[in-house]
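Everything on this sheet refers to the single structure shown next.
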Amino acid sequence: MKQAVHIGGPASAGPDLQELLGRVARGNQEAFAQVYDMVCGPVLGLVRSVLRDPAQSEEVTQEVLLEVWRSAPRFQASRGSGMTWVLTLAHRRAVDRVRSAQASSDREHRAALLDRTPPFDEVTEQVESRLEREQVRRCVRTLTELQRQSVTLAYYQGLAYREVAELLSVPLGTVKTRLRDGLIRLRDCLGVNA
């Protein structure tokens with residue numbers, strides 16, 4: 001048969017919770033055992049209603065009861081009943097656990113987002129790439145017409161030297177020479193060291 005738990009006051013004759021908390025404050029272990037029996041059920045019920053997880057609820061209940069043992073000297077009967085004080089400790093501890101779990105989840109979420117960020121600055125990369133392309137265009141414009149055509153056909157359109165020579169109607173040796181001279185000129189213009 002289950003025993004009724006009375007939150008508002010003592011269920012049987014004997015010392016009330018306030019008196020027991022006073023004894024606990026003086027280090028009386030037997031008084032703490034009685035306090036434990038009186039408040040354990042209500043504390044577990046309150047904590048479970050906040051946390052919803054049975055294992056965490058039991059853990060937090062244990063923490064609350066340890067806090068009652070350690071902080072019993074701070075209990076002031078003039079500010080409220082002993083049960084209200086204990087349940088306030090329980091509620092605060094349960095809410096702290098929820099906040100801690102949420103903060104941990106938020107940290108993990110932020111860490112996951114950081115893992116997805118590129119290891120370089122995309123804007124900087126784009127700007128540098130545009131500047132390099134513009135510099136190459138400027139340098140290509142300094143080439144002679146035959147050099148520019150040869151470089152464009154060979155390196156931008158992917159034609160073989162023989163195809164470039166046929167398309168421009170010039171000897172293969174001339175195309176190779178113009179390409180070599182054009183690449184040397186581009187290298188110098190771009191400031192690339194050989």
Side-chain angles (χ1 to χ4, degrees), residues 43-71 74 85-194:
V43 167
L44 181 60
L46 174 66
V47 170
R48 186 174 261 182
S49 72
V50 173
L51 295 178
R52 308 245 186 256
D53 178 5
Q56 282 198 28
S57 298
E58 290 172 3
E59 188 177 314
V60 170
T61 298
Q62 182 179 4
E63 292 172 6
V64 169
L65 292 168
L66 280 171
E67 188 174 353
V68 167
W69 170 256
R70 291 179 183 145
S71 61
R74 291 194 306 241
W85 180 71
V86 171
L87 291 178
T88 300
L89 293 176
H91 185 263
R92 286 179 182 160
R93 183 67 64 128
V95 169
D96 286 347
R97 179 64 63 98
V98 169
R99 288 179 179 155
S100 174
Q102 182 62 45
S104 177
S105 174
D106 291 347
R107 276 191 305 275
E108 289 173 6
H109 179 71
R110 285 191 304 273
L113 289 176
L114 288 175
D115 287 343
R116 284 190 272 169
T117 57
F120 57 89
D121 184 359
E122 290 180 25
V123 175
T124 303
E125 288 288 322
Q126 289 175 358
V127 169
E128 287 177 356
S129 180
R130 284 182 187 155
L131 291 173
E132 288 172 357
R133 283 194 304 266
E134 183 54 41
Q135 186 177 9
V136 168
R137 284 188 195 109
R138 190 179 65 248
C139 290
V140 167
R141 285 192 296 263
T142 66
L143 300 177
T144 67
E145 185 62 30
L146 187 56
Q147 288 173 339
R148 184 173 36 253
Q149 288 175 341
S150 299
V151 168
T152 302
L153 291 172
Y155 292 101
Y156 287 107
Q157 294 184 12
L159 298 179
Y161 291 171
R162 185 176 321 282
E163 294 170 320
V164 172
E166 290 172 6
L167 196 60
L168 295 177
S169 301
V170 293
L172 179 61
T174 304
V175 168
K176 288 181 179 181
T177 302
R178 297 303 176 246
L179 278 170
R180 188 192 74 228
D181 292 345
L183 292 176
I184 290 171
R185 208 165 177 181
L186 284 174
R187 181 191 68 199
D188 293 342
C189 179
L190 293 171
V192 177
N193 295 326

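Just so you know, residue 1 is the first one in the sequence shown, and it goes up from there. These numbers come from a predicted model, not from an experiment.
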**Report entry** Check against salt bridge (Lys or Arg N to Asp or Glu O under 4.0 Å), E134 and R141
**Finding:** CA-CA 11 Å; E134 183 54 41; R141 285 192 296 263; 3.7 Å; yes

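Of the listed residues (R133, Q126, E132), just one forms a side-chain hydrogen bond (donor to acceptor under 3.5 Å, both in side chains) with S129, and that residue is R133.
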With a cut-off of 3.5 Å and sequence neighbours excluded, list every side-chain donor-acceptor pair involving residues 160-184.
| unit_1 | atom_1 | unit_2 | atom_2 | d |
| --- | --- | --- | --- | --- |
| Y161 | OH | Y155 | OH | 3.4 |
| E163 | OE1 | A160 | N | 2.7 |
| T177 | OG1 | G173 | O | 2.9 |

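Listed by chain and number, the residues in a salt bridge (charged side-chain N to carboxylate O under 4.0 Å, His left out) with E145 are R148 (sequence neighbours excluded).
Rounded to the nearest 0.5 Å, atoms CG (D96) and NE2 (H91) are 10.0 Å apart. To the nearest 0.5 Å, atom CG of residue L89 and atom CG of residue L46 are 11.0 Å apart. One finds the CG atom of L44 at 4.0 Å from the OG1 atom of T61 (value rounded to the nearest 0.5 Å). Interatomic distance, CG of L65 versus CZ of R93, reported as 10.5 Å (0.5 Å rounding).
Heavy atoms only, all atoms of each residue included: V64 and A90 are closest at CG2-CA, 3.5 Å. Smallest separation of non-hydrogen atoms from V95 and V50: N-CG1, 4.2 Å.
Within the 3.5 Å criterion, the main-chain N or O of A101 finds no donor-acceptor partner in the side chain of S105. Side-chain atoms of T142 come within 3.5 Å of backbone atoms of C139 as a donor-acceptor pair (strictly under, hydrogens ignored).
Counting non-hydrogen atoms of neighbouring residues, nucleotides and ligands closer than 6.0 angstrom, the CD atom of Q62 reaches no more than 12 such neighbours.
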